[in-house]
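Whatever order the structure lists them in is the order used to number ligands and atoms, beginning at 1. Counting begins at 1 with the first residue of the sequence. FYI, side chains are in, hydrogens and waters are out, and symmetry mates aren't considered; it's all heavy atoms of this structure.
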Amino acid sequence: MGASRGVIAVFGGGGFIGSHLCQRLIDQGKSVVAVDIDSEKIANLLSEDSFTFHEADITDEENDELCREVIKEADVVFDLIAYANPQQYVDKPLEVVELNLFENLKIVDLCEETDTRLIQFSTCEVYGLLGNRDDIVFSEDSSNLILGPIEDQRWIYSCAKQLLERMVHAHGQENQLQYTIIRPFNFIGPQMDYLVESPDEGTPRVFASFMSALLFDHPMYLVNGGTNRRTFTYIEDAIDAIMLILRNEGGQFDREIVNVGHPNNEVTIEEFANRMRTIYAELSPDGTLPELRTISGEEFYGEGYDDSERRIPDTDKLQSAGWEPRYSLEDLLTESIQYYIDQFESELDVQP
Ligand code: NAD
Ligand code: UGA
């Protein structure tokens, strides 16, 4: 890698993780160039001198030159662009592969061509069904990656991300690409997905889905009884980890795969729903609590849905770099729910 170019590029900078990352980078005095099709979540950054935003669809060939220029001018490229919602994996599997694998590979190629470090977002879903067996703590370099049958279309996302990881790794081995792969474990916080006033408007990921139910009083659906478990990570803890990976002291994350997740925040989805209800009732005593309803995965998402039962990250790599997550499940839910209550109330205030 040559002399410093002074800029960090964030592909997918308008999304949930991207918006928090851009904010933190700017707060730390970095110059940031973000590329996304959407800028709603970063509207507050658009007037910052150190922030440049390109509203561009990376699948449109007309933007290939723009992507090349952005990458060529950057010290580091974060690639967060993907379809990242399980409803999309069963509804439009081909588009998921097209974007999450083939379009992302174009960014990988450009990083290699321009000798630019790549921080590629993958997913904890690459471990797939591993946690349905006895191995529930997942290690980046030794755990197996286990997926279900082809007809269970849900795994297409994981499969595309796994092949992307394998390609990035191979480019590192054969062509000296400098990279780090991040596997996030269920990040939660402000600006996550979107809220739905009624369940017909879409299916955001579980926190946004339950938050919508609490604010708009429609049922909270427990898919297959809510017995599956997740380890939830607060977005601020996640960004702390990502910043350590960016800093890459002594090259400790060079060509590494890194789990980012809070191993102690494991909970069943039923318990998660109940904790949200309790905290919501405390923070918004006038609000009503919606019905909790069990539903099958097929009825909720459609044919081809399957799920992981458990997934807990091994975080040794991050902890040896000094990372300790600060937000317990209670803390992250309180912060996130309060944010949405405030936002909901301020929107009510501006209505005529
Ligand atoms: P997100 O959907 O909020 O962000 C993705 C962004 O990509 C969006 O802003 C979207 O507008 C943008 N995008 C999509 N198609 C585009 C295109 N053709 N051109 C330009 N921009 C486009 O998702 P997120 O939760 O912020 O996730 C970011 C990354 O992290 C994804 O790669 C996802 O797979 C991965 N990930 C996230 C989580 C999590 O907990 N949020 C967990 C595991 C993996
Ligand atoms: C997510 C997505 O695939 C990605 O965002 C990401 O790669 C990864 O996992 C992650 O966030 O680490 P998943 O954890 O299944 O997948 O995402 P959610 O949609 O948030 O679902 C979590 C659990 O809640 C699942 O068991 C799901 O069936 C359940 N659920 C979801 C409900 O019971 N009710 C709902 O309304 C929504």
Flag for Tyr234-Arg326: side-chain donor and acceptor within less than 3.5 Å: no

Gap between atom NE2 of His262 and atom CG of Asn259 - 0.5 Å precision: 14.5 Å

Those atoms of ligand 1 less than 4.0 Å from some heavy atom in Gly14: 9 (O)

Plane angle bin for Phe78 and Phe121 - parallel if under 30°, tilted between 30 and 60°, otherwise perpendicular: tilted

Ala82 neighbourhood, listing ligand 1 atoms whose heavy-atom distance to it stays under 4.0 Å: 5 (C), 31 (C), 32 (O), 34 (O)

Ligand-side contact atoms (ligand 1) for residue partner Thr59, heavy atom cut-off under 4.0 Å: 18 (N)

Shortest reach to atom 8 (C) of ligand 1 by a heavy atom, considering only Leu21, Val96, Asp36: Asp36

Gly15: numbered ligand 1 atoms lying under 4.0 Å from its heavy atoms: 3 (O), 4 (O), 8 (C), 9 (O)

Sequence-distant partners of Phe53, ring pair (Phe, Tyr, Trp, His ring centres under 6.0 Å), two or more places apart: none

Those atoms of ligand 1 less than 4.0 Å from some heavy atom in Leu99: 15 (N), 18 (N)

Region of Tyr157 engaging ligand 1 - heavy atom pairs below 4.0 Å: side chain

Ligand 1-proximal atoms of Lys161, by part, heavy-atom distance under 4.0 Å: side chain

Glu125 and Arg154 ion-paired at < 4.0 Å: yes

Aromatic plane relationship, His20 with Phe16 - under 30° parallel, 30 to 60° tilted, over 60° perpendicular: perpendicular

Sub-4.0 Å atoms of ligand 1 with respect to non-hydrogen atoms of Asn186: 40 (O)

NZ/NE/NH1/NH2 to OD/OE distance under 4.0 Å, Asp240 and Arg24: yes

Partner set under ring pair (Phe, Tyr, Trp, His ring centres under 6.0 Å) for Tyr89, not counting sequence neighbours: Tyr157

Atoms in ligand 1 flagged as close to Ala84, the criterion being non-hydrogen separation under 4.0 Å: 33 (C), 34 (O)

Ligand 1 contacted by Ala56 (non-hydrogen, < 4.0 Å): yes

Contacting atoms of ligand 1, where contact means under 4.0 angstrom from a heavy atom of Asp57: 17 (C), 18 (N), 19 (N)

Whether Phe138 and Phe185 hold their rings parallel, tilted or perpendicular, with breakpoints at 30° and 60°: tilted

Contacts of Phe187 that satisfy ring pair (Phe, Tyr, Trp, His ring centres under 6.0 Å) - sequence neighbours left out: none

N/O contact list for ligand 2, threshold under 3.5 Å:
{"from": "ligand 2", "atom 1": "3 (O)", "to": "Tyr89", "atom 2": "OH", "distance (Å)": "2.6"}
{"from": "ligand 2", "atom 1": "3 (O)", "to": "Glu125", "atom 2": "OE2", "distance (Å)": "2.7"}
{"from": "ligand 2", "atom 1": "5 (O)", "to": "Ala84", "atom 2": "O", "distance (Å)": "2.8"}
{"from": "ligand 2", "atom 1": "5 (O)", "to": "Arg205", "atom 2": "NH1", "distance (Å)": "2.6"}
{"from": "ligand 2", "atom 1": "7 (O)", "to": "Thr123", "atom 2": "OG1", "distance (Å)": "2.7"}
{"from": "ligand 2", "atom 1": "7 (O)", "to": "Tyr157", "atom 2": "OH", "distance (Å)": "2.6"}
{"from": "ligand 2", "atom 1": "9 (O)", "to": "Glu125", "atom 2": "OE2", "distance (Å)": "3.1"}
{"from": "ligand 2", "atom 1": "9 (O)", "to": "Arg311", "atom 2": "NH2", "distance (Å)": "2.9"}
{"from": "ligand 2", "atom 1": "11 (O)", "to": "Asn186", "atom 2": "ND2", "distance (Å)": "3.4"}
{"from": "ligand 2", "atom 1": "12 (O)", "to": "Pro184", "atom 2": "O", "distance (Å)": "3.4"}
{"from": "ligand 2", "atom 1": "12 (O)", "to": "Asn186", "atom 2": "N", "distance (Å)": "2.7"}
{"from": "ligand 2", "atom 1": "12 (O)", "to": "Asn186", "atom 2": "OD1", "distance (Å)": "3.2"}
{"from": "ligand 2", "atom 1": "14 (O)", "to": "Asn186", "atom 2": "ND2", "distance (Å)": "2.9"}
{"from": "ligand 2", "atom 1": "14 (O)", "to": "Arg230", "atom 2": "NE", "distance (Å)": "2.7"}
{"from": "ligand 2", "atom 1": "14 (O)", "to": "Arg311", "atom 2": "NH2", "distance (Å)": "2.7"}
{"from": "ligand 2", "atom 1": "15 (O)", "to": "Arg154", "atom 2": "NH2", "distance (Å)": "3.0"}
{"from": "ligand 2", "atom 1": "15 (O)", "to": "Arg230", "atom 2": "NH2", "distance (Å)": "2.9"}
{"from": "ligand 2", "atom 1": "16 (O)", "to": "Glu125", "atom 2": "OE2", "distance (Å)": "2.7"}
{"from": "ligand 2", "atom 1": "16 (O)", "to": "Arg154", "atom 2": "NH2", "distance (Å)": "3.4"}
{"from": "ligand 2", "atom 1": "20 (O)", "to": "Val206", "atom 2": "N", "distance (Å)": "2.8"}
{"from": "ligand 2", "atom 1": "26 (O)", "to": "Asp307", "atom 2": "OD2", "distance (Å)": "2.5"}
{"from": "ligand 2", "atom 1": "28 (O)", "to": "Tyr305", "atom 2": "OH", "distance (Å)": "2.7"}
{"from": "ligand 2", "atom 1": "33 (O)", "to": "Tyr221", "atom 2": "O", "distance (Å)": "3.3"}
{"from": "ligand 2", "atom 1": "33 (O)", "to": "Val223", "atom 2": "N", "distance (Å)": "2.9"}
{"from": "ligand 2", "atom 1": "34 (N)", "to": "Tyr221", "atom 2": "O", "distance (Å)": "2.7"}
{"from": "ligand 2", "atom 1": "36 (O)", "to": "Ser209", "atom 2": "OG", "distance (Å)": "2.8"}

Ionic contact status for Lys106 with Asp79, cut-off 4.0 Å: no

Nearest candidate to atom 28 (C) of ligand 1, where distance is taken over non-hydrogen atoms, out of Val260, Ile188, Leu80: Leu80

Ser143 side chain to Glu140 backbone, donor-acceptor under 3.5 Å: no

Proximity winner for atom 23 (O) of ligand 1, if only heavy atoms of Arg205, Glu103, Arg230 are counted: Arg205

Thr116 and Arg5 side chains, donor-acceptor separation under 3.5 Å: yes

